[in-house]
Amino acid sequence: MNLKLYNSIAREKQDFQPIDPHNVTMYVCGPTVYNYVHIGNARPAVVFDTLYRVLRAIYPGVTYARNITDIDDKIINKSNDLSIDINKITNKFSDAYFEDMLALNTLEPDVIPYATQHIPDMIQMVETLVEKGHAYPADSQIEADKGNVLFSVPSMSKYGELSKRNLDEQEAGARVEVAGYKQYAGDFVLWKPSTEKEPGWDSPWGRGRPGWHLECSAMIKKHLGETIDIHGGGHDLIFPHHENEIAQSCCANDGKPLANFWMHNGFINIDGEKMSKSLGNFRLVRDLLQQYPGEVLRYVILSSHYRSEQNFSKDLLDSAWRTLDSLYGFIRGVAPIESLLNSSGDGFKALLDDLNTPVAISELYRLAKAVNQAKGDEQIALMQELKGLSDILGLLQQDPEQWFTLARGDNQLSAEQIEHYIQARQQAKQDKDFAKADQIRQQLLDSGVVLEDSREGTQWRRS
RNA sequence: GGCGCUGUAGCAAAGUGGUAAUGCAGUGGACUGCAACUCCGCCAUCGUCGGUUCGAUUCCGACCAGCGCCUCCA
């Protein structure tokens, strides 16, 4: 029962060995809170939440940290554009983020560090890097450039290990002009000066604010230690973000690796295209939740392997909803029961194989069917196993009855109204007035209500 | 130019050197007053062309098609 994970830095699946089995450490890059998050932001949250659940099932202790970046130029710009206090923006959108993630059935991480609450830690790390010759204050005649502190990429021989990039072979400055105060084109900012109007903190280099990459390095060190077990994030963060994190942490911590395992989820595209502002095709989690239960979004995310690209579309969401309906249908009417994870079952084994959630989900289906067919003790055992697996996946977390009867969308018939119609249809059936009975059924169907007759009576569900 | 990814049934998506899980949709049948639910069954030779092999979708090469990073980005 070994957990295998694809390690981006080794570019292969490896057996996972925690540094300390009693406290497995995982850090995942969280959002910059200047807007509602889109479905792409949700993917790492759901994926690593699932990994978190798997880890907790295996190890006695797991510490999972996911940060909130609440100081950033994008936030500052938004604050300026809207003339709203920066804290109001970050508070609003971090709260919204937690709400959205909760709707996706993600567990709260053990640690949620905010960048602005770790400024001293960051300053200290920059000082260490300067002392060790890995960073330098910008030497510039231009007033606005003074106060920048840069990481010296050439000072780190292993730079580029994660992304397998040789900076000399990159088209430096091909898309962005290289700032004149950089000693080397690939050097990146650790600390940047703030104007009077911008938020800033006093530092040995004047009033300023941290560079993005620095935040994660400092917060990881503070909360999880110098070397952690797993560091996760989106595929696009490999370069430069994670590469730079490695450079900062490794150089500040006497060459110790930042993370033993690097994991990256693939992108979510919309109808075949990358989400971008220019295309205007962002899908906000918040908006999607107006139309779909959070579990449907989670199901879609888990229905493909986390490393592959995923194409979001309405069809995908609708079909996922039908699938979940089917799954819930199997367990509807089965008494609620305690979950019991079968750690040697095929579903959990699939998860141990680099988080193969599609296979685990297929096992969910197999179990649900079996539950539906079994009776007595066998059914109870299967139901426990099903629950155990679905708890790890964070799916089927609702009461089936509620799943089918809660309103889906606006202007829906109330449960009372539906019951009323069912009574009327029952009467019509008893009177052998099938035309009327069918008419009522069709009427309900048109309102999104499906009737299911059985010997015990008529059951209804929304579709 | 550098680094890297993908191409499996209508759609979605696993997987393996020995003729391809699963779900949605479709379809034939059982059940039903008729349906729905459920149950039984059907529905792909894995981008193209070569190579290695007794045998390749799975390994290697070329090609075609799509895509990502190299700037902020999940």
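These numbers come from the heavy atoms of this one structure, side chains and all, not from hydrogens, waters or symmetry mates. Throughout, protein chains are lettered first and strands after them, A, B, ... in sequence-line order, and every chain is numbered starting at 1.
Separation of the C1' atoms belonging to G51(B) and A74(B) is 41 Å when rounded to the nearest angstrom. Comparing the P positions of U52(B) and A20(B) gives an interatomic distance of 25 Å, to the nearest angstrom. Nucleotides U53(B) and G18(B) place their C1' atoms 11 Å apart, quoted to the nearest Å. Taking atom C1' on both G28(B) and G47(B), the two are 33 Å apart, rounded to the nearest angstrom. Between C24(B) and G41(B), the two P atoms lie 15 Å apart (nearest whole Å). The C1' atoms of U8(B) and U16(B) are separated by 13 Å, rounded to the nearest whole Å.
Within the structure, a side-chain polar atom (N or O) of Tyr365(A) is placed less than 4.0 Å from OP1 or OP2 of C24(B). Here Arg307(A) does not reach the OP1 or OP2 of C5(B): none of its side-chain N or O atoms lies under 4.0 Å away. The side chain of Ser362(A) contributes no N or O atom lying less than 4.0 Å from OP1 or OP2 of G15(B). OP1 or OP2 of G15(B) lies within a sub-4.0 Å distance of a side-chain N or O belonging to Asn356(A). One finds no side-chain N or O of Lys164(A) lying less than 4.0 angstrom from the OP1 or OP2 phosphate oxygen of C69(B). Put simply, Thr32(A) has no side-chain N or O that comes within less than 4.0 Å of OP1 or OP2 on C72(B). Considering only side-chain N and O atoms, Arg322(A) lies under 4.0 angstrom from the phosphate OP1 or OP2 of A25(B).
Closest to the Arg11(A) side chain, of the nucleotides C3(B), C69(B), C39(B), is C3(B). When distances are taken from the side chain of Thr323(A) to each of C24(B), A14(B), A74(B), the shortest belongs to C24(B). Nearest to the side chain of Pro44(A), among A74(B), A12(B), U38(B), sits A74(B).
For the atom pair CZ of Phe16(A) and CG of Asp354(A), the computed distance is 12.5 Å after rounding to the nearest 0.5 Å.
Note on ring orientation: taking the six-membered ring where Trp is involved, the planes of Phe330(A) and Tyr365(A) are perpendicular (angle over 60°, cut-offs 30° and 60°). The aromatic rings of His223(A) and His118(A) sit perpendicular, their planes meeting at an angle over 60°, well past the 30° parallel limit. A perpendicular orientation is assigned to the rings of Trp403(A) and Trp321(A), their planes being inclined by more than 60° (bins at 30° and 60°). Note on ring orientation: taking the six-membered ring where Trp is involved, the planes of His241(A) and His213(A) are tilted (angle from 30° to 60°).
Residue Gly234(A) is in sugar-phosphate contact alone, with no base atom involved, counting any heavy-atom pair closer than 4.0 Å across all strands shown. Within the 4.0 angstrom heavy-atom criterion, only backbone atoms of the sugar-phosphate kind lie near Gly233(A); the bases stay farther away. When heavy atoms are screened at a 4.0 angstrom cut-off, Asn372(A) is found touching the sugar-phosphate backbone but no base atom.
Checked by atom type and distance alone, the side chain of Thr458(A) never pairs as donor or acceptor with a backbone atom of Glu452(A) at under 3.5 Å.
The interatomic distance linking Gln310(A) (CD) with C5(B) (P) rounds to 20 Å, in whole Å. A straight line from OH of Tyr299(A) to C1' of C11(B) spans 13 Å, rounded to a whole angstrom. Taking atom CD1 on Ile268(A) and atom C1' on C67(B), their separation rounds to 16 Å, with Å as the unit. Put simply, CD on Glu309(A) is 12 Å from P on C5(B), counting in whole angstrom units.
A salt bridge does not link Asp287(A) with Arg283(A): none of the charged nitrogens is closer than 4.0 Å to a carboxylate oxygen. Under the 4.0 Å criterion applied to side-chain N and carboxylate O atoms, Glu363(A) and Arg366(A) are assigned as salt-bridge partners. In this structure, Arg408(A) pairs ionically with Asp325(A), as a charged nitrogen and a carboxylate oxygen lie closer than 4.0 Å. A salt bridge links Arg53(A) to Asp49(A): one of the charged nitrogens lies within less than 4.0 Å of a carboxylate oxygen. The pair Arg209(A)-Glu198(A) counts as a salt bridge, with a side-chain nitrogen and a carboxylate oxygen less than 4.0 angstrom apart.
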Which parts of nucleotides 26-36 of chain B does protein reach within less than 4.0 Å, heavy atoms only, written one letter per nucleotide 5' to 3' as B for base, S for sugar-phosphate only and - for none? -------BBBB
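The residue among Asp318(A) and Tyr306(A) whose nearest nucleotide of RNA chain B is located toward the 5' end is Tyr306(A). Comparing Ser326(A) and His241(A) against RNA chain B, the residue whose closest nucleotide sits nearer the 5' end is Ser326(A).
Looking at RNA chain B, the stems built from 3 or more consecutive Watson-Crick or G-U wobble pairs, each pair with its key distances under 3.5 Å, are B:1-7 with B:64-70, B:10-12 with B:22-24, B:26-30 with B:38-42, B:47-51 with B:59-63.
An aromatic stacking contact links Phe267(A) with the base of A74(B), defined here by ring centres under 5.5 Å apart and ring planes under 30° from parallel.
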